[in-house]
Amino acid sequence: MTQAIDPALQNKIDHTVAVLRKIADEYSPAAFANSFGAEDMVLTDLIARHGINIGVFSLDTGRLPGETYELMHTSRERYAQTPITVYFPKAESVEHYVNEHGINGFYHSIEARKQCCRVRKLEPLARALAGQNSWVTGLRREQSTTRTEMQEQEWDAANGLNKFNPLLDWSEKEVWAYIKAEQLPYNALHDRHYPSIGCAPCTRAITVGEDIRAGRWWWENPDSKECGLHGASSSLQRPAGK
Ligand code: SF4
């Protein structure tokens, strides 16, 4: 059943669209990193619906859940006018990692886990961002303890470009209100208590009362639970002369 969009949410939608337009106008070329989470479906829809000139890409780590691949397929059909470019890790790097650490070596230590994320996510991300002036994420402030200090516009020092988080102040309820109102496709795992979805072996369902990112790398301390994609930004805007 569809839901109406209330004025407070409409204001946030209008603001997000304005930010996306500003990115396309002033920080081009720009690329949106789509991980097919609920927030990413909202941004994909807004970019496509308003014809905003922001490229969309996704990182296929090779370990994603089947449900994410199904959503990739559905999204490709629904948003045919907004192609989603997929980046894979380098085969030799994955071979090296698996031969050294084992197919599930990420469970053995935080360093082994971060090494897997570097091979399967960070290196492909660097390729996806090469030549871009800015990138866009679906991060929200309330998602985790590691994201409370984030800004809507940041300077991504690690990757050397502007980073925008246009859904930063959306609540989870607002994300879902938009998805329902516009009948967007979404990952079937969300209906099975997976609010945050990454690679299959590193994501599990949460129980009532748990933090929404408790199912990601659940064996680690909450303060280490980032894959490195979003860990190195500062709150500063682009430095002078860059
Ligand atoms: Fe590897 Fe898990 Fe990181 Fe995916 S989330 S890249 S499987 S350690």
Side-chain angles (χ1 to χ4, degrees), residues 31-41 43 56-73 75 84-130 135-140 143-147 150 156 158-159 163 165 186-190 192-207 210-233:
F32 162 49
N34 183 354
S35 305
F36 296 97
E39 293 80 6
D40 296 334
M41 297 316 298
L43 283 176
V56 183
F57 73 90
S58 190
L59 306 179
D60 183 347
T61 63
R63 299 298 300 262
L64 300 177
E67 290 83 352
T68 302
Y69 290 114
E70 284 171 26
L71 182 56
M72 266 192 199
H73 176 72
S75 300
I84 301 170
T85 304
V86 178
Y87 288 83
F88 289 88
K90 288 185 173 168
E92 320 80 64
S93 302
V94 174
E95 282 176 4
H96 181 76
Y97 179 87
V98 170
N99 288 328
E100 184 174 342
H101 296 280
I103 191 66
N104 288 336
F106 36 78
Y107 291 134
H108 298 155
S109 69
I110 290 179
E111 181 46 39
R113 196 275 287 170
K114 289 189 172 177
Q115 176 64 12
C116 185
C117 285
R118 280 195 288 274
V119 167
R120 292 183 184 271
K121 293 180 176 176
L122 294 185
E123 188 284 326
L125 176 71
R127 270 186 284 128
L129 297 183
W135 68 302
V136 179
T137 84
L139 298 180
R140 290 186 301 107
Q143 279 170 325
S144 79
T145 56
T146 57
R147 297 181 178 178
M150 284 186 165
D156 179 345
N159 292 298
K163 180 178 177 185
N165 309 303
Y186 64 86
N187 197 313
L189 287 174
H190 288 311
R192 285 179 247 150
H193 309 291
Y194 286 75
S196 176
I197 302 166
C199 292
C202 299
T203 307
R204 70 176 183 183
I206 65 169
T207 56
E210 277 192 305
D211 181 85
I212 59 174
R213 282 187 47 98
R216 303 291 298 279
W217 306 296
W218 63 90
W219 63 93
E220 293 184 8
N221 182 299
D223 293 335
S224 71
K225 288 192 189 189
E226 291 289 357
C227 55
L229 295 184
H230 306 298
S233 295

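Since the model is a prediction, treat every value here as computed from it, not as a measurement. Note that ligands are numbered from 1 as they come in the structure, with each ligand's atoms numbered from 1 the same way.
In plain terms, the two heavy atoms of Asp40 and Ser35 that are nearest each other are OD2-N, 2.8 Å. The heavy-atom pair separating Ala38 from His190 by the smallest distance is N-NE2, 3.4 Å. Across all non-hydrogen atoms, the minimal contact from Gly198 to Leu64 is O-CD2, 4.1 Å.
Side-chain contact, Asp156 with Trp135: a donor N or O sits under 3.5 Å from an acceptor N or O.
Taking the side chain as every heavy atom from C-beta outward, Ser75 and Met41 approach each other to under 4.5 Å. Taking the side chain as every heavy atom from C-beta outward, Thr207 and His193 never approach each other to under 4.5 Å.
Heavy-atom proximity to Trp217, at under 4.0 Å, picks out these atoms of ligand 1: 2 (Fe), 5 (S). Close contacts between ligand 1 and Cys202 involve ligand atoms 2 (Fe), 5 (S), 7 (S), 8 (S) [criterion: under 4.0 Å to a heavy atom]. The atoms of ligand 1 that sit less than 4.0 Å from any heavy atom of Arg113 are 8 (S).
Contact annotation for Arg120 and ligand 1: only side-chain heavy atoms (C-beta onward) come within less than 4.0 Å of the ligand.
Not a single N, O or S atom of Cys117, from either the backbone or the side chain, sits less than 2.8 Å from atom 4 (Fe) of ligand 1. Backbone or side-chain N, O or S atoms of Cys116 reach atom 1 (Fe) of ligand 1 at under 2.8 Å.
Of the candidates Ala200, Gly62, Gly198, Cys199, the one placing a heavy atom closest to atom 7 (S) of ligand 1 is Cys199.
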